[in-house]
Structure formats: C-alpha cells, structure tokens
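Order of listing sets the numbers, starting from 1, for every ligand and every atom in it.
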Amino acid sequence: MFEINSGIAVITLNAPPVNSLGAALRLQIVTDIEQALANPEVKGIILVGNARAFSAGADVSEFGTPLQRQEPVLAGVLTCVQASPKPVVAAISGVALGGGLELAMACHARVALDSAKLGLPEINLGLIPGAGGTQALPRLAGLATALSMIQSGTPQTAKQLAGTGLLDEVVSDGLIEAACRRARALAQSDLPLPKVADRVLDEVQVQAFVSAAREKLTPRQRLQPAYSAIFEALRATASPWPTGLSRERELFLQLQASPQSRALRHQFFAERDAAKLPDSLQVEPRAVNSVAIIGAGTMGAGIAICALDAGFKVILLEQDEAALQRGHQRVSDHYQTRVSSGKMQASVAAAALANLMPSTDWNQLALADVVVEAVFEDLAVKQEVFKKIDAHARPGAVLATNTSYLDVDLIANSTGRAHDVLGLHFFSPANVMKLLEVVRGTQTAAEVVATGMELGKKLKKLPVLTGNAFGFIGNRIYNAYRNQCEFMLEDGAWPEEVDAALQAFGFAMGPFAVADLSGLDIAWRMRKSQAATRHPDERYVAILDHLCEQDRLGRKTSAGYYTYVDGKQVQTTDATVRDIIARASAQRGITRRTLSAGEIQRRALLSMVKEAALLLRAGVASRASDIDVVLVQGYGFPRWEGGPVFWARQQSRLELAQELQSLAQAGGHGFGVADLTVLL
Ligand code: 3HC
Ligand code: NAI
C-alpha cells in the first residue's frame with residue numbers, strides 16, 4: 001500500500017521498530033513497486049522509512065534460517081529497485097545501515113535529512129556488505145570513503161557525507177517533498193535513469209589503492225577474516241558490476257557461515273538482551289535528574305563526566321578542599337582537551353560544566369536523586385561514608401556503591417534503608433568503558449534495580465544485572481583467569497609466553513601486561529585482606545607478592561612483571577623476575593616445563609568457563625549471555641570469539657569435562673569441578 005502524492009508513489013517501509021529487511025518487508029517493497037509500476041498515474045516512486053530508521057539493514061535474526069532465502073531475497077529487491085523504469089528515490093531519515101544503505105544505493109537518487117546516519121556496519125558482525133555495498137559505495141563516494149566506512153563500520157551523518165557523491169541532496173526538513181521533487185525531475189528528464197551499476201572504476205587505481213590499504217591492517221584485524229575479505233571485494237570493483245556483485249556475495253556467504261560471524265551476531269543480541277529485566281523487576285524506575293558522586297578520584301571524576309555528558313546535574317563531593325580541587329581539575333581538563341582537539345564545541349563543554357557543583361558540604365547530598373559512592377576500596381571507609389549518606393540524602397534517593405569486590409549487603413546494612421542501596425560498578429576509564437554492572441543486594445528494591453538499569457542506559461552504558469557475590473560477574477571470572485595464568489607461571493611458562501598466547505587468541509592485552517598497567521599493589525592489598533580466610537590447601541601463587549616486596553608495582557614504578565624503559569615495555573622478563581618465578585616453582589616442587597600456546601589458551605579459557613558455570617548455578621548471573629557481554633565489554637575478551645560461554649559451546653562437551661577435571665587436580669583446594677550442564 002502506498003499513497004500517491006502528485007504523481008509520485010510514496011512507499012512507507014513498514015517493519016517497526018527499525019525496518020530491518022526481513023521477509024515481510026522485502027515482499028512489501030517488491031509488491032508496492034510492482035503496483036506502482038502498473039499504475040499509469042504514478043510517474044516516480046519514493047521509499048521512505050520512519051523517524052528512527054529508513055532501514056537498519058538485513059534482518060540478522062533470519063541469518064542461517066530459511067527466511068533469509070525466502071523470495072524475494074534482498075538481492076532480488078535491490079535488482080527490482082534498480083531496474084525500475086520509473087525513477088525510485090530514497091528519502092532517508094533515522095538510520096540507513098547495511099542492507100538499508102544498500103537499498104538506498106540501488107535507488108536512482110538519494111535525499112537525506114542532515115541528521116540521518118548512514119553506514120555499513122557489517123564488519124561488527126564479522127561480515128562484509130552482501131547486497132552490493134562494497135561495489136556501490138566506491139562507485140558513488142570513492143574508494144577511500146568506502147573503505148573507511150566499511151572497515152570502521154561507523155555510521156556518519158548525512159551532513160558529514162554531503163559532498164561525497166553518496167547523497168544527491170541533504171535537507172534539514174521537508175524530506176518527503178524534496179524526494180518527490182527529485183523523483184519528478186528524474187521522470188521528466190530525457191536522460192537515462194542514473195544507475196550505480198553503470199558506473200565504471202579505473203582498474204589500475206583500484207588495484208593500487210587496495211594493495212596500499214591492505215598493508216595497514218592491524219594484527220587484531222588480521223585475526224578476523226572479514227577484514228581481508230573487504231579487500232577481495234574492493235578489488236572486484238574493477239570488474240563489471242555483475243562480476244563484482246557475485247564475488248561479494250560469495251565472500252559474504254562464506255563469512256556468514258564462519259564461527260567468527262556467528263560469535264559476533266551472538267554478541268549483538270546478547271548485548272540487547274542484557275539490558276532487559278526479568279518480569280519481576282519490570283517496574284517503573286524512579287525519576288533521576290541529579291546525581292551526587294562521592295570521591296572525585298579516578299572513578300568519581302570519570303562517572304561525573306558521563307553524568308554531565310548525559311545532561312544530569314552533578315554534585316561532586318570530596319573529603320577535603322585539596323582532593324576536591326584535584327577532582328574538579330580532572331573533570332575540567334577532560335572538557336578542555338575535548339574542545340582543544342576539536343571533538344566538542346566549546347558551548348557544549350561549557351553547558352556540561354555549568355551543571356557541575358563541586359563541594360565538601362554533605363548537606364548538598366539532599367539535592368540528589370542518585371548518590372554514587374566512589375571512595376577508597378575499604379569496607380570500613382565505605383560503611384562510614386554510607387552512614388553519612390543515610391543522614392543527608394533525601395528519602396527515596398537511590399544509593400549506589402562503585403565497589404569492585406566488596407559485599408554490597410554489608411555496605412547497605414550500614415544505612416537504615418538497605419532497600420535503596422545497590423552496586424553500580426563502572427569500569428575504568430568510566431567515561432569511556434560501556435560496561436556497567438548493576439549489582440542487586442539481598443534487600444535492593446525492584447524499583448531501585450530498575451532505576452539503576454535505566455540510569456545506565458541514560459549514561460549510554462551497557463548495563464548488566466548481577467547478583468551480590470565476590471567480584472560480581474566480571475572481576476570474579478577475571479580473578480579465576482588470572483589465578484590460572486599464575487599457576488602456569490609456576491608450571492613453567494614465562495609471563496611473556498602467557499601474554500603472547502592470550503594475545504594471539506585475541507585478548508586486547510595479556511594478563512601480566514594488564515596487571516602491570518593497573519598496578520600490582522591493588523591486587524597485593526586485596527590478597528593481604530583475604531589472607532586470614534584463605535584455606536591452607538589453596539594453591540596460592542606468591543610471585544606477585546614477591547614482586548611488590550621489591551617495589552615492582554607495575555608501570556608506575558617502571559617495573560612489575562616487565563620492566564619499562566621510557567614508558568615502553570621490554571618484551572622479555574628480566575633475570576630478577578625469572579628468578580622469583582623459578583624459585584616459586586621449586587618451592588612447590590615443580591619441574592618447569594614448556595607450555596605450548598594452545599595449552600595456555602585452553603587453560604585460561606577453561607578457568608573462565610568453570611567460574612561462569614558456578615556463577616550461573618548460584619544465580620549471580622541470570623543469563624549465560626550476560627557473562628559473555630561482561631567479558632567482552634569489560635575485559636578485552638575478543639568479541640569475535642563471542643565470550644567464554646559461547647566459546648565453551650563450540651567445544652566438545654566430553655573434552656571440556658575431562659580437561660576441567662585435570663585442571664581441578666592441578667588447581668589445589670578450591671578449584672573444584674563445576675557442573676557444565678548449566679552452560680551447555
Ligand atoms: N536485524 C534484526 N534485528 C535488529 C536489527 C537488524 N539488522 N537492527 C536492530 N534490530 C532489533 C534489535 O535487536 C532490537 O530488538 P529487541 O527490541 O527485540 O531487542 C530492536 O531492533 C531495536 O534495536 P536497538 O535496541 O539496538 O535500538 P537502538 O535505537 O539502540 O539502535 C540500530 C538501532 C542503530 C539500528 C541498532 O539496532 C543497530 O545498529 N542495528 C544493527 C544494524 C546492522 O548491523 N545492520 C547490518 C545488518 S547485516 C546486513 O545488512 C547485511 C547486508 O549487507 C546483506
Ligand atoms: P581513587 O583513590 O582514585 O579515588 C578515591 C577518592 O575518594 C579520593 O579522591 C579520596 O579523596 C576520596 N575519598 C576517600 N574517602 C572519602 C570520604 N570519606 N569522603 C569523600 N571522599 C573520600 O580511587 P578509584 O580508583 O577512583 O576507586 C574508587 C572506587 O571505585 C573503589 O571502590 C574502587 O574499587 C572502585 N573501582 C575502581 C576502578 C579502577 O580501575 N580504578 C574500576 C572500578 C571500580
């Protein structure tokens with residue numbers, strides 16, 4: 001069904017919320033176009049979406065199912081559009097992504113609202129565009145723009161893209177009228193309809209461009225086949241259109257069947273599921289307009305920045321003027337750098353800073369709808385702070401702790417309103433990292449959990465609900481992983497071998513390089529605080545303690561597991577470190593042996609899998625996919641491996657169970673064997 005506006009058929013794509021091109025929408029487009037072609041009153045056609053989306057692209061949930069192959073398939077829809085004897089114009093508002101942009105490029109012209117966002121994000125799903133995107137975009141916008149959009153997957157606004165050749169017109173309003181005008185002009189013109197397929201690129205230029213660009217792939221990109229496939233597809237732009245199109249299709253289908261793409265698609269849906277609360281918690285959140293942050297250190301300042309960016313009024317509270325001054329400076333320096341590097345307009349920065357109220361007066365807390373505590377990681381200090389919060393915050397305010405490991409219940413119980421208390425565990429740097437663990441204490445009210453999740457979304461975070469248990473989801477699993485890596489040092493590996501193996505698997509950094517970066521003293525302090533309760537038979541690796549005793553605290557002291565010269569890591573560990581490690585092996589009676597990269601990777605991953613199973617069984621994580629989101633978003637687990645649970649599901653069950661059994665034997669007291677049925 002379509003309306004006719006002065007001889008132009010206005011076809012409104014109708015697949016809410018974001019017009020993904022599933023079977024029903026594909027059929028609607030082709031049917032409407034056929035009817036418009038058959039109607040003599042119609043001289044031209046425009047395709048229009050809704051305010052949110054022209055189209056978000058192919059329906060990813062159909063991938064690998066018969067629906068994807070159901071006629072008309074996407075390629076058929078695009079051919080129908082391009083071959084239409086009456087002009088078809090895309091009127092783009094909201095997003096035009098992936099197949100959505102490919103649909104627009106198949107049209108004879110494109111008109112967009114300046115705010116519209118256009119992109120080819122298939123790379124984020126381990127794919128290349130598969131409906132002509134790699135062939136059409138270079139022909140319309142040039143090879144450099146096309147490569148940058150396909151390789152980054154990042155959408156750009158129509159305003160940014162004006163002048164690239166992709167868009168015929170960019171308007172600030174009156175989109176439908178402008179598109180109709182253009183369709184009418186094309187219908188009245190004597191020239192043949194402009195088709196992207198008719199454009200030809202110069203073969204020598206294409207080959208030279210592709211060869212030079214390919215050299216620039218990073219090591220992490222080289223681990224992902226989709227990045228190489230982009231170049232294969234771009235090379236084919238020198239061929240006639242049908243040849244290029246079939247080469248692109250072939251590459252797309254290969255990638256779609258690859259484990260990496262399946263893993264990335266799993267992450268896409270897992271991230272969206274993570275933000276959804278179970279029915280019992282689906283209650284109206286409390287209104288939030290102002291946020292108070294206590295402690296303006298590394299985390300407090302970062303949290304303040306994201307709250308200011310989201311338009312909240314922010315009260316930043318410190319224990320004394322000097323600390324407040326430092327915290328305030330951190331926040332203003334951030335905005336100054338954004339402005340001087342051209343990433344933010346001065347007026348936007350000024351508006352954000354105008355909402356900041358630095359203070360040492362606890363009475364100011366009464367103004368806040370949410371209070372986020374980010375003081376030192378010390379239970380007694382936090383309990384003291386929460387007593388003061390209880391005395392000053394208004395009734396009904398949500399009270400949050402940013403603790404990394406501490407028991408949220410013990411903190412909540414220091415107030416007279418434990419039902420208002422929850423954990424909001426931000427990651428460092430808090431204004432950059434998307435992950436937010438929302439920790440539900442034993443007494444936290446449903447409404448307070450809902451407010452925490454909603455606040456996370458407003459802060460543009462990816463909130464994941466977790467129960468209250470040591471380290472919540474992320475730090476708990478990461479701890480298990482790091483412990484296993486330390487076992488491997490005692491068993492015979494050097495830190496650089498462990499780091500290299502895990503980087504080769506795809507981790508952004510190896511665990512020992514990460515430990516040096518965060519500072520070994522943090523872990524050292526935590527270990528000391530746990531010493532009294534540690535089981536005597538636990539396999540406890542004291543290498544880190546010995547490093548700290550020698551004042552090797554990591555990067556900040558230019559020595560930790562590694563040494564650092566002018567801030568740069570020396571790749572091989574030095575004699576002192578090797579001596580500490582070799583002595584640890586000898587003390588445990590271990591004859592050091594070489595561990596292969598494969599063994600290192602499996603042991604590290606299995607330790608995560610085991611902990612994931614325990615967390616699920618205990619109900620700390622409510623969905624297996626939440627664990628994958630946390631590890632990928634917060635801990636550098638390679639996204640294209642899907643997360644530890646997704647990884648486990650790709651392995652043989654029998655082998656997993658056997659390997660976990662032998663790890664338990666080598667792991668000492670407390671390692672235990674988890675029941676994997678909860679995961680697989
Ligand atoms: N396929 C299937 N479902 C999709 C989808 C898609 N392409 N895009 C979005 N959705 C779904 C989401 O899963 C979500 O469903 P839910 O409400 O049941 O959880 C709903 O639409 C709304 O999405 P968001 O919650 O993400 O809404 P936002 O407003 O935050 O974001 C968006 C909207 C920017 C469109 C974002 O969803 C997005 O980036 N989508 C993916 C776009 C994409 O990758 N397109 C390429 C697909 S592959 C392709 O086109 C291949 C082709 O070249 C052949
Ligand atoms: P930090 O040491 O940088 O900052 C703590 C700030 O709290 C200091 O500025 C201090 O003056 C202030 N403070 C201490 N006692 C106070 C009190 N009674 N009243 C008001 N202010 C007080 O610490 P950081 O790194 O910011 O950590 C804060 C919290 O965030 C800790 O619980 C930590 O475990 C957690 N966290 C830290 C992460 C990190 O990577 N640094 C990551 C995630 C959570």
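Stacking of Arg235 on the aromatic ring of Phe231 is not recorded, the 6.0 Å distance cut-off and the 45° axial limit not both being met.
Here the heavy atom of the protein found nearest to atom 18 (N) of ligand 2 is Val385 CG2, 3.4 Å. Nearest to atom 32 (C) of ligand 1 among the protein's heavy atoms is Leu97 CD1, 4.5 Å. In this structure, the protein non-hydrogen atom closest to atom 40 (O) of ligand 2 is Ser428 CB, 3.2 Å. Looking from atom 9 (O) of ligand 2 to the surrounding protein, the closest heavy atom is Glu318 OE2, 2.5 Å. Looking at atom 22 (C) of ligand 2, its nearest protein heavy atom turns out to be Val375 CG1, 3.4 Å. The nearest protein atom to atom 23 (O) of ligand 2, hydrogens excluded, is given as Thr298 N, 4.6 Å; this is a heavy-atom distance. For atom 11 (C) of ligand 1, the closest non-hydrogen atom of the protein is Val18 CG2, 4.5 Å. Of all protein heavy atoms, the one lying nearest to atom 46 (C) of ligand 1 is Ala56 O, 3.8 Å. Annotation: atom 30 (O) of ligand 2 to nearest protein heavy atom, Asn402 ND2, 2.9 Å. The protein heavy atom nearest to atom 20 (C) of ligand 1 is Pro17 CG, 4.0 Å. Scanning the protein for heavy atoms near atom 2 (O) of ligand 2, the closest one is Phe376 CE2, 3.5 Å. Considering only non-hydrogen protein atoms, atom 43 (C) of ligand 2 sits nearest to Phe426 O, 3.1 Å.
Salt bridge status for Glu373 with Lys388: absent, with no side-chain N to carboxylate O gap under 4.0 Å. Salt bridge present: Asp273 and Lys276 bring a charged side-chain N and a carboxylate O closer than 4.0 Å. Ion pair Lys382/Glu377 flagged as a salt bridge, since at least one NZ, NE, NH1 or NH2 atom sits closer than 4.0 Å to an Asp/Glu carboxylate oxygen. The pair Asp309-Lys460 does not meet the salt-bridge criterion, since no charged nitrogen lies less than 4.0 angstrom from a carboxylate oxygen.
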Exercise. List the steps and the verdict of ring-ring contact (aromatic ring centres under 6.0 Å, His included) for Phe507 and Tyr481.
Key: CA-CA 12 Å; Phe507 277 95; Tyr481 160 84; 5.2 Å; yes

Exercise. Show your reasoning for whether side-chain contact (heavy atoms from CB on, under 4.5 Å) applies to Leu97 and Leu118.
Key: CA-CA 6 Å; Leu97 299 175; Leu118 297 87; over 6 Å; no

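Here the side chain of Arg249 pairs a donor or acceptor atom with the backbone of Gly130 at under 3.5 angstrom. A donor-acceptor pair is defined here as one N or O able to donate and one able to accept, closer than 3.5 Å; no such pair exists between the side chain of Gln68 and the backbone of Phe63.
In the model, Glu437 has no side-chain atom that pairs as donor or acceptor with a side-chain atom of Thr466 under 3.5 Å. A donor and an acceptor atom, one from each side chain of Ser359 and Asp361, are nowhere located under 3.5 Å apart. Defined by atom type and a distance below 3.5 Å, a donor-acceptor pair is missing between the side-chain atoms of Thr360 and Glu318. Side-chain contact of His266 with Asp628: a donor-acceptor pair under 3.5 Å is present, judged by distance alone.
At least one protein heavy atom sits closer than 4.0 Å to atom 43 (C) of ligand 1. Remark: atom 15 (O) of ligand 1 lies closer than 4.0 Å to no protein heavy atom. Within the 4.0 angstrom cut-off, atom 30 (O) of ligand 1 has no protein heavy-atom neighbours.
Short contacts between ligand 1 and Phe269, defined as distances under 4.0 Å to a heavy atom of the residue, involve ligand atoms 13 (O). Distances below 4.0 Å separate heavy atoms of Pro129 from the following atoms of ligand 1: 53 (O). Near Ala58, with a cut-off below 4.0 Å to any heavy atom, the atoms of ligand 1 are 1 (N), 6 (C), 7 (N), 47 (C), 49 (C), 50 (O), 51 (C). Numbered from 1 in the order shown, with element, the atoms of ligand 1 that lie under 4.0 Å from a heavy atom of Gly57 read 50 (O). The Ile294 neighbourhood of ligand 2 comprises atoms 20 (C), with distances under 4.0 Å to a heavy atom of that residue. Listed by number with element, the atoms of ligand 2 under 4.0 angstrom from any heavy atom of Lys382 are 31 (C), 32 (O). Atoms of ligand 2 found under 4.0 Å from any heavy atom of His425, numbered from 1 in the order shown, are 43 (C), 44 (C). Contact atoms of ligand 1 toward Glu122: 48 (S), 49 (C), 50 (O), 51 (C), 52 (C), 53 (O) (distance under 4.0 Å to a heavy atom of the residue).
Aromatic rings from Phe427 and Tyr635 are positioned such that their centres are separated by under 6.0 Å.
Within the 4.0 Å heavy-atom shell around ligand 1 one finds Lys276. At a 4.0 Å cut-off, at least one heavy atom of Pro121 sits close enough to ligand 1 to count as contact. The shell of residues lying under 4.0 angstrom from ligand 2, judged by heavy atoms, excludes Gly327. Not close to ligand 2: Glu373, with no non-hydrogen atom less than 4.0 angstrom away. At a 4.0 Å cut-off, at least one heavy atom of Arg52 sits close enough to ligand 1 to count as contact.
Between Met299, Arg330, Gln319, it is Gln319 that holds the heavy atom closest to atom 19 (N) of ligand 2. For atom 36 (C) of ligand 1, the choice among Glu271, Arg265, Arg272 with the nearest heavy atom turns out to be Arg272. Heavy-atom proximity to atom 34 (O) of ligand 2, evaluated over Gly297, Ala323, Ser404, is greatest for Ser404. Scanning Glu248, Lys457, Arg249, Glu102 for the heavy atom closest to atom 52 (C) of ligand 1 points to Glu102.
Ring geometry, His392 versus Trp362: the interplanar angle falls from 30° to 60°, so the pair is classed tilted.
For Val60, heavy-atom contacts with ligand 1 shorter than 4.0 Å involve the backbone as well as the side chain. Under 4.0 Å from ligand 1, not a single heavy atom of Asp273 appears.
In terms of polar-atom proximity, defined here as any N/O pair under 3.5 Å, Thr403 makes no such contact with ligand 2.
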